[in-house]
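Please read the structure below before turning to the comments.
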Amino acid sequence: SRRRTLALYVLARALQCYVAARMTAFAAGGPLSWADTVVGRLGRLPGAGIAAWSLATAQIMYSYVMRPEALPRSYWKFIVRSGPIDVRVLAAVRDTVRGRPLDAGALNAWAVERGGRPALGSDRPGCIPCGIMHPQERSCVRHNFQSFRSTFKKSFPLYLALNVVPYVVFNLKKAALRPHLVATKGLFGAVRSSTFLASFVAVYQGVVCTFKQLGGDRGGESKLLYWFAGVAASVTVLLENPARRGELTLYAAPRALDAAQRMLGGIVAFREVLYIIGLAAMVYLQPSALLVDVGASWRSSGSSLAGA
């Protein structure tokens with residue numbers, strides 16, 4: 001819901017304010033609390049931000065395959081559209097892990113329609129083979145390359161708009177005087193971000209295919225595979241602009257937390273509690289940031305909350 005989205009936004013900014021406050025206290029020296037010491041030392045570790053992004057991504061991608069109900073419906077659909085795996089295959093993976101019978105005939109017929117061959121011999125297979133995951137392409141390597149290309153094509157127009165439009169709106173005079181520079185920066189940014197997202201999809205699928213090809217699923221379909229594939233795919237964030245990596249983590253971390261609490265059964269009035277805690281933390285830690293950041297959010301989302 002819109003209230004949940006706003007609550008997650010506030011929580012992300014609260015986490016950002018908390019880490020910034022602890023890092024500032026650690027850098028200033030003097031008497032330090034245990035929180036200042038822990039956060040300060042962790043924040044200085046190489047790859048600390050990447051590690052946070054990896055954990056959040058792993059939780060989200062695990063939920064995408066195994067617990068789709070833990071993610072907002074629109075967010076789950078976005079991941080499905082960006083990825084190369086059909087929803088019926090994702091459902092088959094979940095049923096296999098949980099020991100439920102499949103409609104092997106229907107899945108085999110669907111694979112044949114896509115240009116593949118029947119790959120399931122019973123309604124209770126030990127795992128879902130690559131022949132069902134990507135029946136249109138027998139080679140896992142070619143399939144992953146096609147996944148990269150398809151995702152790049154789908155995401156490039158979106159990232160081009162995101163890189164060009166905001167700059168033009170907030171720097172209209174510069175854009176009018178130097179349009180070639182705007183076009184060059186926008187094109188480079190769009191290519192870079194699209195390459196990151198396409199690589200993420202290809203690596204995630206590649207890890208799953210490699211595990212299956214090496215016989216790692218002989219003991220049965222592994223649900224943890226889809227968590228560790230998320231960790232491996234998260235490394236592709238190194239392709240993205242360093243200035244945007246923190247924003248990506250702030251975007252993913254609250255959604256991962258939200259998915260985790262939904263998987264655990266949910267908490268009564270979770271979004272309201274999340275919003276109150278996040279807003280209180282921002283007021284306490286950085287009231288000046290609150291006026292700039294959340295104030296703008298309130299103005300833009302006031303009508304949404306009224307109708308939520």
Side-chain angles (χ1 to χ4, degrees), residues 8 12-13 15-16 18-20 22-23 27 39-65 71 75 78-85 140-164 166-167 184-211 214 224-257 259-260:
L8 292 174
R13 293 305 174 189
L15 290 173
Q16 183 184 35
Y18 179 79
V19 172
R22 300 283 73 79
M23 291 289 291
V39 176
R41 292 189 181 278
L42 288 177
R44 290 190 173 186
L45 289 176
I50 302 297
W53 159 256
S54 297
L55 292 174
T57 301
Q59 177 61 47
I60 291 171
M61 296 309 293
Y62 174 86
S63 301
Y64 148 70
V65 178
L71 296 174
Y75 189 46
F78 164 75
I79 300 176
V80 170
R81 287 195 303 268
S82 300
I85 304 302
C140 292
V141 174
R142 285 198 297 266
H143 168 68
N144 292 325
F145 174 75
Q146 291 171 359
S147 299
F148 175 92
R149 184 174 60 181
S150 174
T151 304
F152 187 94
K153 287 182 177 179
K154 287 186 289 187
S155 61
F156 181 78
L158 172 63
Y159 280 122
L160 184 62
L162 290 175
N163 278 275
V164 173
Y167 183 85
T184 302
K185 284 187 175 181
L187 183 61
F188 178 77
V191 169
R192 188 172 192 173
S193 296
S194 299
T195 300
F196 151 64
L197 184 59
S199 298
F200 183 96
V201 172
V203 170
Y204 187 86
Q205 183 61 41
V207 170
V208 173
C209 285
T210 300
F211 182 82
L214 293 177
L224 289 180
L225 166 63
Y226 301 96
W227 192 91
F228 284 108
V231 173
S234 67
V235 178
T236 59
V237 77
L238 295 173
L239 298 173
E240 182 59 284
N241 185 346
R244 294 197 66 244
R245 294 173 193 169
E247 290 296 323
L248 287 171
T249 303
L250 288 172
Y251 179 84
R255 282 157 181 77
L257 177 63

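- Residues Asn144 and Gly206 come closest through the heavy atom pair ND2-CA, 3.4 Å.
- With sequence neighbours left out, Gln59 forms a side chain to side chain donor-acceptor pair (under 3.5 Å) with Ser63.
- Ring geometry, Phe200 versus Phe196: the interplanar angle exceeds 60°, so the pair is classed perpendicular (tilted spans 30 to 60°).
- Between Ser82 and Val201 the shortest heavy-atom distance is O-CG2, 3.7 Å.
- The closest donor-acceptor contact from the side chain of Trp53 to the backbone of Arg245 lies at 3.5 Å or more, if one exists at all.
- In plain terms, the two heavy atoms of Ala232 and Val207 that are nearest each other are CB-CG2, 3.7 Å.
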Worked verdict on Thr57 versus Tyr204 for side chain to side chain contact (heavy atoms under 4.5 Å, CB included): CA-CA 11 Å; Thr57 301; Tyr204 187 86; over 6 Å; no
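- Counting all heavy atoms, side chain and backbone alike, Val231 lies closest to Ala58 at CG2-CB, 3.6 Å.
- Applying the salt bridge (Lys or Arg N to Asp or Glu O under 4.0 Å) test to Arg192 and every residue at least two apart in sequence or in another chain returns nothing.
- Taking CD1 of Ile50 as the start and CG of Leu55 as the end, the distance is 11.5 Å to the nearest 0.5 Å.
- Within the structure, salt bridge (Lys or Arg N to Asp or Glu O under 4.0 Å) contacts touching residues 148-162 (residues at least two apart or in different chains) do not occur.
- Ile85 has its side chain within reach of Tyr64: a pair of non-hydrogen atoms, C-beta onward, lies under 4.5 Å apart.
- Nearest heavy atom pair, residue Ala56 against residue Ala256, reads O-CB, 3.5 Å.
- The side chain to side chain contact (heavy atoms under 4.5 Å, CB included) test applied to Phe228 returns Leu224, not counting sequence neighbours.
- Nearest heavy atom pair, residue Phe152 against residue Val191, reads CE1-O, 3.8 Å.
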Met61 and Ile79: CA distance, side-chain angles, deciding distance, side chain to side chain contact (heavy atoms under 4.5 Å, CB included) verdict: CA-CA 9 Å; Met61 296 309 293; Ile79 300 176; 4.2 Å; yes
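- Taken from OG in Ser194 to CG in Leu160, the straight-line distance is 8.5 Å, to the nearest 0.5 Å.
- Note that CZ of Arg255 and CG of Leu71 are 10.0 Å apart. Values are rounded to the nearest 0.5 Å.
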CA sep, side-chain torsions, deciding dist, call: Leu187, Phe156, side chain to side chain contact (heavy atoms under 4.5 Å, CB included): CA-CA 9 Å; Leu187 183 61; Phe156 181 78; 3.6 Å; yes
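- With sequence neighbours excluded, the residues satisfying side chain to side chain contact (heavy atoms under 4.5 Å, CB included) with Leu197 are Thr151, Ser155, Tyr159.
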Side-chain polar contacts of residues 235-244 - donor-acceptor pairs under 3.5 angstrom, sequence neighbours left out - could you list them?
residue, atom, partner, partner atom, Å
Thr236, OG1, Ala233, O, 2.6
Glu240, OE1, Ser193, OG, 3.2
Glu240, OE2, Ser193, OG, 3.0
Glu240, OE2, Arg244, NH1, 2.6
Asn241, OD1, Ala243, N, 3.1

